[in-house]
Engineer: 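This is the structure I have questions about; it appears just below.
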Number of protein chains: 2
Amino acid sequence: MPVNDNTVNTDKKPYHHGDLRDALIAEGLCLLDSRDAESLSLREVARGVGVSATSVYRHFPDKQALMTALALEGLTRLGAAQRAAAEAAGGGKAGFAETGRAYVRFALANPALFRLIFASPALAPQKAAGGMHSEASTLLLANAAAAAAQDGGEAGIRAIQAWAVVHGLAMLMLDGQIPEDDAIIDQAIG
Amino acid sequence: MPVNDNTVNTDKKPYHHGDLRDALIAEGLCLLDSRDAESLSLREVARGVGVSATSVYRHFPDKQALMTALALEGLTRLGAAQRAAAEAAGGGKAGFAETGRAYVRFALANPALFRLIFASPALAPQKAAGGMHSEASTLLLANAAAAAAQDGGEAGIRAIQAWAVVHGLAMLMLDGQIPEDDAIIDQAIG
DNA sequence: CCGGCATAGTTACAGCGTAAACATAGGAGG
DNA sequence: CCTCCTATGTTTACGCTGTAACTATGCCGG
């Protein structure tokens with residue numbers, strides 16, 4: 001029963017849903033907890049919300065747009081997790097390390113969502129001509145890396161390197177190439 | 001016209017293809033040069049070879065198996081590229097660094113194939129119960145990392161770290177998160 | 001020469017993304 | 001208060017997909 005009983009609705013069934021867009025996103029995120037992104041169908045999300053498949057098109061131009069919306073929510077959560085980890089560690093160098101640990105932890109806890117974030121062309125700064133998002137990036141590492149790429153400074157390279165380590169670690173673990181071992185994470189980041 | 005004219009066939013059309021399995025793999029690899037893996041359909045590969053869709057099932061139990069075969073070929077090529085790079089640099093520390101550069105270069109040159117390799121559960125040592133492949137891994141980094149994961153030695157962690165850096169770099173570049181810049185690769189690996 | 005078996009083809013089905021046409025309702029203007 | 005507009009949701013339909021069942025072809029051993 002993948003229907004998440006959010007909302008205030010007293011199980012009435014009005015013709016008009018009320019807030020379909022958010023409901024679709026919520027259902028999508030819910031499904032991504034147990035399913036991977038490419039096996040997720042638009043029709044399944046619509047079914048979960050109890051709505052016809054084509055009504056999705058009133059809120060998203062196509063399936064890709066729905067996926068992008070899910071990815072954007074994922075990006076926000078990932079950014080929040082990193083910020084929270086950094087603050088909990090009191091900022092500074094220790095805070096930055098915690099940011100990396102949070103990154104990997106988020107990936108392992110939300111495999112499908114994490115993958116979706118980086119599989120979304122619309123969220124990729126180097127692509128996405130209409131880069132309405134590019135400066136709204138909530139990713140600490142991305143911001144640092146972006147600055148890096150421009151002036152090519154020493155600190156910039158370090159930021160990219162740090163991002164690459166945690167991203168590589170996360171991906172390799174998600175793909176079953178290396179064991180999901182906390183000790184490995186700690187040692188590789190330190 | 002995505003049909004690659006491999007083979008000795010003198011454009012005859014015998015009922016029996018001769019070597020459909022290899023032809024399907026060749027066509028698949030060819031299509032992966034211009035298309036990404038998830039948009040690749042079994043029917044399209046069959047069409048490219050000039051054969052009915054269901055005849056594919058004589059050689060592969062399902063689409064997944066075809067994709068795994070493609071991924072395996074990709075893995076072999078990636079391993080070969082790394083070995084060649086290492087040898088060209090004369091082995092040693094410089095050779096190891098070249099191995100990493102070759103890894104990223106391969107990813108940028110064959111985006112769809114590279115992604116497919118790591119999207120194939122059957123090639124993931126940590127999954128794939130019937131790990132008929134696990135010891136046949138042609139990936140230098142994977143071997144080093146595998147040894148690392150077991151005895152948890154210092155050298156092992158370094159191997160994993162190195163793998164994570166190049167893998168992360170490759171993925172982030174493929175995903176358009178950082179520019180595909182040779183200078184960045186050199187500095188991040190160095 | 002022929003019979004069987006590996007190989008390929010045909011047909012069929014459910015599920016997908018999505019376009020077009022239609023239905024419903026809830027708020028604005030009279 | 002009634003009417004119509006518009007935003008939202010539904011029905012139906014199309015071509016695509018992966019794959020199961022059944023049929024056709026042709027090579028190779030007896």
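By convention in this document, chain letters (A, B, ...) are assigned in the order of the sequence lines, proteins followed by strands, and residues within each chain are numbered from 1. None of the values given here were measured: they were computed from a predicted structure.
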Engineer: Within the side chain of B:N110, is there an N or O that forms a donor-acceptor pair under 3.5 Å with the backbone of B:L113?
Structural biologist: no
Engineer: I need the single residue from B:D22, B:L20, B:L66 that forms a side-chain contact (heavy atoms from CB on, under 4.5 Å) with B:H59. Which is it?
Structural biologist: B:L20
Engineer: Assess whether a salt bridge exists between A:D186 and A:R101, defined as any Lys/Arg side-chain N lying under 4.0 Å from an Asp/Glu carboxylate O.
Structural biologist: yes
Engineer: Check nucleotides 12-18 of chain D for protein N or O atoms closer than 3.5 Å to its own N or O atoms and list the pairs.
Structural biologist:
from   : atom 1 : to    : atom 2 : distance (Å)
D:dT17 : OP1    : B:S41 : OG     : 3.1
D:dT17 : OP1    : B:R47 : NH2    : 3.4
D:dT17 : OP2    : B:R47 : NH2    : 2.8
D:dG18 : OP1    : B:L42 : N      : 2.8
D:dG18 : OP1    : B:K63 : NZ     : 3.1
D:dG18 : OP2    : B:L42 : N      : 3.2
D:dG18 : OP2    : B:R43 : N      : 3.2
D:dG18 : N7     : B:R43 : NH1    : 2.3
D:dG18 : O6     : B:R43 : NH1    : 3.0

Engineer: Looking only at side-chain N and O atoms, does A:S55 come under 4.0 Å of OP1 or OP2 in D:dG9?
Structural biologist: no
Engineer: Between B:D175 and B:Q177 (side chain of the first, backbone of the second, donor and acceptor by atom type, cut-off under 3.5 Å), is there such a pair?
Structural biologist: no
Engineer: Can you name the closest pair of heavy atoms from B:A122 and B:T68 and give their distance?
Structural biologist: CB-CG2, 3.8 Å
Engineer: Are B:E44 and B:R35 ion-paired here, with the side-chain N under 4.0 Å from a carboxylate O?
Structural biologist: yes
Engineer: Strictly below 4.0 Å: does A:H59 bring a side-chain N or O up to OP1 or OP2 of D:dA7?
Structural biologist: no
Engineer: Taking five pairs at each end, how big is the angle between the two axes of the helix from C:dC1-D:dG30 to C:dG30-D:dC1, to 10°?
Structural biologist: 10°
Engineer: For A:E38 and C:dG15, what is the distance between atoms CD and P respectively, to the nearest whole Å?
Structural biologist: 20 Å
Engineer: A:M67 CE to C:dT18 P: how many Å, rounded?
Structural biologist: 11 Å
Engineer: Compare every heavy atom of A:H167 with every heavy atom of B:G168, then report the nearest pair and how far apart it is.
Structural biologist: O-CD2, 4.2 Å
Engineer: Nearest heavy atom decides the nucleotide; on that basis, is B:R58 or A:V56 closer to the 5' end of DNA chain D?
Structural biologist: A:V56
Engineer: For the residue pair B:F114 and B:Y103, does the interplanar ring angle fall in the parallel (under 30°), tilted (30 to 60°) or perpendicular (over 60°) class?
Structural biologist: perpendicular
